[in-house]
Number of protein chains: 2
Amino acid sequence: MNLSLTQIKTQFQELGIKSTIPRVVIYQSLAKAMHHPSAEEIHLSIQKKYPGVSLATVYKTLDMLVQKSLASKVVTDEDKVRYDSKMEPHIHLYCEKTQKIMDYDDQELAELIAGHFTKKGITNFKINRIQVNIKGESKTIKNK
Amino acid sequence: MNLSLTQIKTQFQELGIKSTIPRVVIYQSLAKAMHHPSAEEIHLSIQKKYPGVSLATVYKTLDMLVQKSLASKVVTDEDKVRYDSKMEPHIHLYCEKTQKIMDYDDQELAELIAGHFTKKGITNFKINRIQVNIKGESKTIKNK
DNA sequence: TTAAAATTGATAAATATTATCTATTTATTG
DNA sequence: CAATAAATAGATAATATTTATCAATTTTAA
């Protein structure tokens with residue numbers, strides 16, 4: 001999602017987040033990215049335009065965004081954490097060959113699962129969020 | 001699952017895994033544990049009886065077990081990897097308060113989801129495994 | 001414009017995991 | 001059983017990611 005600096009500042013204000021250049025830029029980069037970037041990737045992506053922003057600030061800002069529910073952590077089999085600014089429920093497809101993560105929207109499945117638990121429930125557990133991850137391989141189109 | 005040393009040795013032999021004391025003991029500890037232990041927890045758990053076994057060996061052995069499909073990695077929001085020796089498909093309940101992971105078997109849900117994808121499919125993606133994680137809070141029994 | 005409070009950036013520290021390399025152990029063969 | 005080749009273990013160094021520290025800077029509010 002492409003967000004303007006003004007849009008972000010407004011959004012921050014509504015949530016009581018102090019607007020600083022690093023924060024706005026980091027969130028803009030995350031929101032634009034389609035590939036669930038790591039802290040370091042975000043740091044790199046803003047290097048050219050904002051060389052001053054440190055990696056520590058990127059980490060602190062990402063944590064803050066997660067706290068404020070503007071982003072979520074995506075843990076993977078790699079040893080680093082990735083981030084996602086798409087907060088609507090969606091499924092992640094993990095390609096085991098390329099380690100890439102793709103988004104997959106499936107409203108029907110979401111309802112199917114939610115319905116199952118509404119009907120059946122889980123004893124002694126309060127469900128906040130249901131995550132579905134699919135692991136496999138993305139088929140690329142061979143010899144056109 | 002409680003496995004005897006002999007059972008494990010036999011299982012290793014069948015899979016072409018060389019039986020060493022550290023390996024057998026590590027796998028036994030993992031198989032017995034119900035709490036999805038980390039490498040360090042496994043290392044601790046065998047300290048008393050087998051003080052010689054190093055943490056490096058625990059890591060190497062766990063990797064090997066994952067390669068041989070005797071265990072799987074469980075990534076969490078914590079910054080360490082946990083391991084699971086239960087290889088049958090099952091759901092993990094993540095308690096966001098205690099960070100504890102509980103197993104939850106729900107054959108019906110598994111079939112529901114599998115059926116959904118059989119019917120609907122995902123374009124350009126070969127599904128190997130479907131993981132369902134449920135995040136929330138485990139309700140403990142208050143004031144008996 | 002000023003002042004208090006919060007944030008930043010540079011760097012050190014902590015933590016988890018992997019790599020290296022020699023000594024030991026295992027499995028095999030005679 | 002003994003000898004041997006191959007694989008593994010253990011100690012430790014190295015790497016990588018993330019967090020903590022703290023003075024300097026920036027923001028917000030008055």
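Here is how names work: the chains are called A, B, and so on, in the same order as the sequence lines, proteins then strands, and each is numbered from 1.
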task = Identify, between B:Y83 and A:K60, the residue whose nearest nucleotide on DNA chain C lies closer to the 5' end.
result = A:K60
note = Rounded to whole Å, CG of B:D63 lies from C1' of D:dT8 at a distance of 14 Å
task = Please identify each residue that fulfils ring pair (Phe, Tyr, Trp, His ring centres under 6.0 Å) with B:H35, with sequence neighbours left out.
result = none
message = What I want to check is whether the side chains of B:Q7 and B:Q11 have a donor and an acceptor closer together than 3.5 Å.
response = no
query = With the threshold set at 4.0 Å, does a side-chain nitrogen-carboxylate oxygen contact exist between B:D105 and B:K86?
reply = yes
query = Has A:K80 got a side-chain N or O lying under 4.0 Å from the OP1 or OP2 atom of D:dT17?
reply = yes
request  = Would you tell me whether B:D103 and B:H90 have side-chain atoms, one donor and one acceptor, within less than 3.5 Å of each other?
outcome  = yes
inquiry  = What verdict does the side-chain hydrogen bond (donor to acceptor under 3.5 Å, both in side chains) test give for A:K126 and A:N128, after you've listed the backbone C-alpha separation in whole Å, the side-chain angles of each residue and the deciding distance to 0.1 Å?
reply    = CA-CA 6 Å; A:K126 177 171 162 290; A:N128 288 341; 3.0 Å; yes
request  = Please confirm whether B:Y104 and A:F125 have ring centers closer than 6.0 angstrom.
outcome  = no
task = Measure the distance from CG on A:L62 to P on D:dT17 and round it to the nearest whole Å.
result = 15 Å
task = Go through DNA chain C in 5' to 3' direction and return only the first and the last nucleotide with some atom under 4.0 Å of chain B's heavy atoms.
result = C:dA16 to C:dA27
key: DNA chain C contacts made by residues 20-57 of chain B, counting heavy atoms under 4.0 Å   = B:T20, B:E40, B:A56
ask   = Is A:K135 salt-bridged to A:D77, going by a charged N under 4.0 Å from an acidic O?
value = yes
task = Using whole Å, report how far OH of B:Y59 lies from P of D:dA14.
result = 19 Å
query = Taking NZ, NE, NH1 and NH2 as the nitrogens, is one of them in A:E108 or B:K120 under 4.0 Å from a carboxylate oxygen of the other?
reply = yes
